[in-house]
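Chain letters run A, B, ... following the sequence lines, proteins first and then strands; every chain starts at 1.
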There are 2 protein chains.
Amino acid sequence: MATTYRDIKADLLHQITQGQLPPGSTLPNEVELAATYGCARATVNRAMRELADDGFIERRRKAGSRVRDAPVRQARFTIPVTRQEVADLGATYSYALVSRDVAPAPDRLRARLGLAAQDHLLHLVCMHYADGAPYQYENRWINLSATPDAAHFDFAQSGPNEWLIAQVPFTDVQISFHAVPADATLAAHLDCAAGDALFQVERTTRLDRQAVTFVQLSYRPGHRMTTQY
Amino acid sequence: MATTYRDIKADLLHQITQGQLPPGSTLPNEVELAATYGCARATVNRAMRELADDGFIERRRKAGSRVRDAPVRQARFTIPVTRQEVADLGATYSYALVSRDVAPAPDRLRARLGLAAQDHLLHLVCMHYADGAPYQYENRWINLSATPDAAHFDFAQSGPNEWLIAQVPFTDVQISFHAVPADATLAAHLDCAAGDALFQVERTTRLDRQAVTFVQLSYRPGHRMTTQY
DNA sequence: TAGTGGTCTAGACCACGGA
DNA sequence: CCGTGGTCTAGACCACTAA
């Protein structure tokens, strides 16, 4: 008889989703479950640990394991490189550098990124195309104090994201999703009307609290970000 | 000396982010690492398994473990109940049922949810408020073939999401994030101008492939969905 | 203070999949 | 083939925390 941690996990999950273990109810402890399933406690432990990681149960020493009231279901989004994202659509990817300059950080960004007054930023504006049509407008700032090499790289051929991923380590990322109306600049680059509703992603990347880069990605109208879990 | 799996994970992660283990490089195998750290192989295994789960390394039998080129970083979003979401803002939550009716599924939804022609849907429109101001417009359909009980519940007092979470099991969820312009209805309910850019979430919930519910959540202008990893 | 989960060990067998 | 990771075991000690 093979009782794997997957079997146990699947069985418990089944009992949860089918209502035999309703929200708030307490599961048997690990020793009991190990006896029930006829396996080692470590095997039960792994099954339950994964259920907890997945947000189905809540575990506390001494108190035991309970089925969560409102399962803290979590959606996982992979953060793709735009080139890959376009390729996955079955479209041909192309790229263009719109502008590039180095300047002290604007106040708004300085506050947001926690930069000093003397920090300089490399500001890049880029366009990403799918089959020649505008796909994404990228507005990026790179902290040259954290990544001086970026000043010497020519971003005319490929996007800064690919370069950063390959060259610069990071530890923390903050992401925000929201909707904005297209301004004149966005409208011109994304080939849409001013005021159109655009899906926008903002991402701040840090290495041990020091801001490395901030990027604002604006997608063409109608773009959807989808996931499944 | 206490070498925990957390120590090992942190140490390897440090070596990866600091460039001592560059993308594409192969890590020592589990037996070697266990010797290096002076611990059991199972401990190393857990550290490396988590690094793989987190997307930092790729593991293959016989081939060994490699640092990923482009770390498949994943953002995790908790899918909150609106009541909780508003409470977390420090605002007072209130709710109102706007409309409720039962009808055969419109073609568009029937196709999307994979419903039969005779399936009937409970269609609910609700408003969620934060400190009395419009926060979210909820447009929901519930498959009565999957959840007949919903027909007998009065949603005047609390939202369908809370009821569904407590009453109805599900196995699969599909989510989409995007931006839409406010139409007249949305503008009226969210107290904004028609055409305003709104952040919208669409979610389809299934139990073993059978569609349970589909919901379209439209947020007030300026809403941001944020996460960190 | 006692029960529960968190973690580690030393060893074992197995499945996958490069060479 | 045979090296690597995947998993299980039986036992142990410990940390946290509810009662």
Colleague: Under 4.0 Å: is that the gap between some side-chain N or O of A:Arg59 and OP1 or OP2 of C:dG6?
Modeller: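 Looking at the OP1 and OP2 atoms of C:dG6, one of them is under 4.0 Å from a side-chain N or O of A:Arg59.
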Colleague: With respect to the phosphate group of D:dG5, does any side-chain polar atom (N or O) of B:Ser65 fall under 4.0 Å of OP1 or OP2?
Modeller: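 Checking B:Ser65 against D:dG5: at least one side-chain N or O falls below 4.0 Å of OP1 or OP2.
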Colleague: Who passes salt bridge (charged side-chain N to carboxylate O under 4.0 Å, His left out) against A:Glu162, sequence neighbours left out?
Modeller: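 A:Glu162 satisfies salt bridge (charged side-chain N to carboxylate O under 4.0 Å, His left out) with A:Arg83 once adjacent residues are dropped.
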Colleague: For nucleotides 9-19 of chain C, give me one character per nucleotide, 5' to 3': B if any protein heavy atom sits under 4.0 Å from the base, S if the only such contacts are to the sugar-phosphate, - if neither.
Modeller: B--B--BBBB-
Colleague: Evaluate whether atom CZ of A:Arg60 has more than 12 neighbouring non-hydrogen atoms of other residues, nucleotides or ligands under 6.0 angstrom away.
Modeller: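 It does not: A:Arg60 CZ has 12 such atoms or fewer within range.
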Colleague: Can you name the residues that form a ring-ring contact (aromatic ring centres under 6.0 Å, His included) with A:Phe155, not counting sequence neighbours?
Modeller: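 Testing A:Phe155 for ring-ring contact (aromatic ring centres under 6.0 Å, His included), a comparison that skips the adjacent residues, returns A:Phe153, A:Trp163.
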Colleague: Indicate whether OP1 or OP2 belonging to C:dT7 is found under 4.0 Å from a side-chain N or O atom of B:Tyr5.
Modeller: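 The answer is yes; a side-chain N or O of B:Tyr5 sits under 4.0 Å from OP1 or OP2.
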Colleague: Salt bridge check: are B:Arg59 and B:Glu30 linked by an N-O gap of less than 4.0 Å?
Modeller: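 Salt bridge between B:Arg59 and B:Glu30, a charged N being under 4.0 Å from a carboxylate O: yes.
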Colleague: Is there a donor-acceptor contact under 3.5 Å from the side chain of A:Asp172 to the main chain of A:Arg206?
Modeller: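 No.
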Colleague: Do any side-chain nitrogens or oxygens of A:Arg46 fall under 4.0 Å of OP1 or OP2 in D:dT7?
Modeller: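 Looking at the OP1 and OP2 atoms of D:dT7, one of them is under 4.0 Å from a side-chain N or O of A:Arg46.
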Colleague: Quickly work out the A:Glu50 CD to C:dG5 C1' distance and round it to whole Å.
Modeller: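 Roughly 16 Å, once rounded to whole Å.
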Colleague: In chain order, what residues pass the ring-ring contact (aromatic ring centres under 6.0 Å, His included) check against A:His128, with sequence neighbours excluded?
Modeller: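 A:His128 satisfies ring-ring contact (aromatic ring centres under 6.0 Å, His included) with A:Tyr93, A:Tyr95 only.
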Colleague: Please name all residues satisfying ring-ring contact (aromatic ring centres under 6.0 Å, His included) with B:His123, sequence neighbours left out, ordered by chain then number.
Modeller: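 Once residues adjacent in sequence are excluded, the partners of B:His123 under the ring-ring contact (aromatic ring centres under 6.0 Å, His included) criterion are B:Trp141.
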Colleague: Side-chain contact, heavy-atom cut-off 4.5 Å: A:Tyr135 with A:His223?
Modeller: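 Of all side-chain heavy-atom pairs linking A:His223 with A:Tyr135, at least one is under 4.5 Å.
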Colleague: Go through residues 26-36 of chain A and report each residue with a non-hydrogen atom lying under 4.0 Å from DNA chain C, sorted by number.
Modeller: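 A:Asn29, A:Glu30, in order of number.
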